[in-house]
Amino acid sequence: MAKKTKSPSSGGSPVSQGFPSERELIVIAKTEVGLQATREGIASSVGADVSPLSKLVESEGIALQPLFGLSEERMQYRTASLAAETGEEVPDLSIYYHIEAPDERLDALAESLRQLDVVEAAYVKPPGEPPMEPGETIEVLNDMQPKVEEPPVVTPNFTPRQTYLNAAPVGIDARYAWTVRGGRGAGVKIIDCEWGWNFTHEDLLQNSIGVVVGTSMSYSSDPTANTNANKYVNHGTAVVGEISGDRNSFGVTGICPDAIVGTARFGNSAQTIRQAADKLRRGDIILLEIHRAGPRHNFNPRPDQRGYIAIEWWPDDFAAIRYAISKGIIVVEAAGNGAENLDDALYNTRPVGFPASWRNPFNPANPGSSAVVV
């Protein structure tokens, strides 16, 4: 689904290795509390006693902020309107919050928050990361030095190398799709959610609308710069190229080159999904190029991405995906490059801090997100 890059070879947290995201402390308030977190402080729309939460926040010198970037009232209005318009069950995103604090304080804060009557759940999410190749192949490619001779004036036609466009089992039969009406993606808008892209690329000029949420990580030609940033830009550019590389006589041709493609940079993943969804219409597509360290990885910490899983396993991301799905948007979600069997009974165990209502979304006996998990 995406161009792969090599996993970091050293230990330590993703943040220390230059990853663009950090652990997140997520708080879910009890629905009946009517919690409101504003600049003026914490209150309740129904008169519930929220003073213990207010005191904790004040004593710790932290801020409780709505996770999805809108006030509780605006989020409730938006979801109620969407439910009335579509007849779909829309998750209540107004009860989700996040707290920013130094990483070493997050676990203790989550434990303190879970002791409060107004809090339904509080948990710390691992950083979201782009899928990376666990082998050594890409390291060789990344270490290759550029040729000394000048490149050709006109880029060669690389489409014969795009074997994934061919019929199964080698590819996805895109070339056949191009022969039928709509098979090139005309009339559809796609938002690729990850971290970085290069929209000055000569093969991404026709139907790309650039970054529509956040700002792209910057590519640097400085060999001493953060190489992860360059990897993320390369990764995102490759993904957009696979989707929508321009139809011309050079370079690659995208799977659906007539679709309009924009991108969204992950900060808070759940909020990014909501923001992307609000820029799309029914029948459009969100692509989630992100995965996280699951419980098996956490039981046996290691520097690679074995044990990484799809992000819908975390309640706030699940709710964000459900919000997008309820709008009629098709969500395509990375299953994770963790070599995991998502039917494993391990994933039925509710993690500490998750709400009591949580059910393993990988288990088909439970309510699913309805995303296309690849």
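Basis for what follows: all heavy atoms, side chains included, without hydrogens, waters or symmetry-related copies. Since we're looking at a predicted model, the values are computed, not measured.
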Does the side chain to side chain contact (heavy atoms under 4.5 Å, CB included) test come out yes or no for N337 and H291, once each step is laid out? CA-CA 8 Å; N337 278 18; H291 63 175; 3.7 Å; yes
Short side-chain to backbone donor-acceptor contact, [X] and [Y], under 3.5 Å:
X	Y	value
Y97	L35	yes
H235	W195	no
E72	A37	yes
Q206	D258	no
S112	A108	yes
S369	A371	yes
Q162	T253	yes
S326	Y323	yes
R247	G254	no
S216	W197	yes

For W358, give me all partners under ring-ring contact (aromatic ring centres under 6.0 Å, His included), at least two apart in sequence or on another chain. W313, F354
In this structure, would [X] and [Y] fall into the same cluster of hydrophobic residues linked by side-chain contacts under 4.5 Å?
X	Y	value
F318	I330	no
I290	I273	yes
Y232	V212	yes
I285	L204	yes

Who passes side-chain contact (heavy atoms from CB on, under 4.5 Å) against H98, sequence neighbours left out? I26, Q65, L67, E100, N268
Partners of V233 by side-chain contact (heavy atoms from CB on, under 4.5 Å), sequence neighbours excluded?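 Applying side-chain contact (heavy atoms from CB on, under 4.5 Å) to V233 gives N198, M217, Y219, T237.
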Quick one, L288 with V332, criterion side chain to side chain contact (heavy atoms under 4.5 Å, CB included). Give me CA distance, side-chain angles, the key distance, then yes/no. CA-CA 6 Å; L288 301 178; V332 181; over 6 Å; no
All pairs passing ring-ring contact (aromatic ring centres under 6.0 Å, His included) where residues 39-69 contributes a residue, at least two apart: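 Checked against ring-ring contact (aromatic ring centres under 6.0 Å, His included) - neighbours excluded - the pairs reaching residues 39-69 are F68-Y96.
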Quick check: are there more than 12 heavy atoms from other residues, nucleotides or ligands sitting under 6.0 Å from [atom1] of [X]?
X	atom1	answer
E89	CD	no
K30	NZ	yes
D117	CG	no
E150	CD	no
Y176	OH	no

From CZ (R78) to CG (L70), nearest 0.5 Å: 5.0 Å
Once salt bridge (Lys or Arg N to Asp or Glu O under 4.0 Å) is applied, what residue pairs with a partner in residues 308-322 remain, sequence neighbours excluded? K125-D316, K125-D317, R292-D317
Does K327 come within less than 4.0 Å of D284, counting only side-chain N to carboxylate O?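 Judged by the 4.0 Å cut-off on N to carboxylate O distance, K327 and D284 do not form a salt bridge.
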Answer yes or no: is there an ion pair linking R114 with E111, defined by an N-O contact shorter than 4.0 Å?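 Here R114 pairs with E111 in a salt bridge, since their nearest N and O are under 4.0 Å apart.
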Closest non-hydrogen contact found for T272 with G267 is OG1-N, 3.4 Å
N207: what forms a side-chain hydrogen bond (donor to acceptor under 3.5 Å, both in side chains) with it, not counting sequence neighbours?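 Residues passing side-chain hydrogen bond (donor to acceptor under 3.5 Å, both in side chains) with N207: none at all.
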Report yes if the side chains of Y77 and R74 come closer than 4.5 Å at any heavy-atom pair, otherwise no.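 Y77 vs R74: side chains apart.
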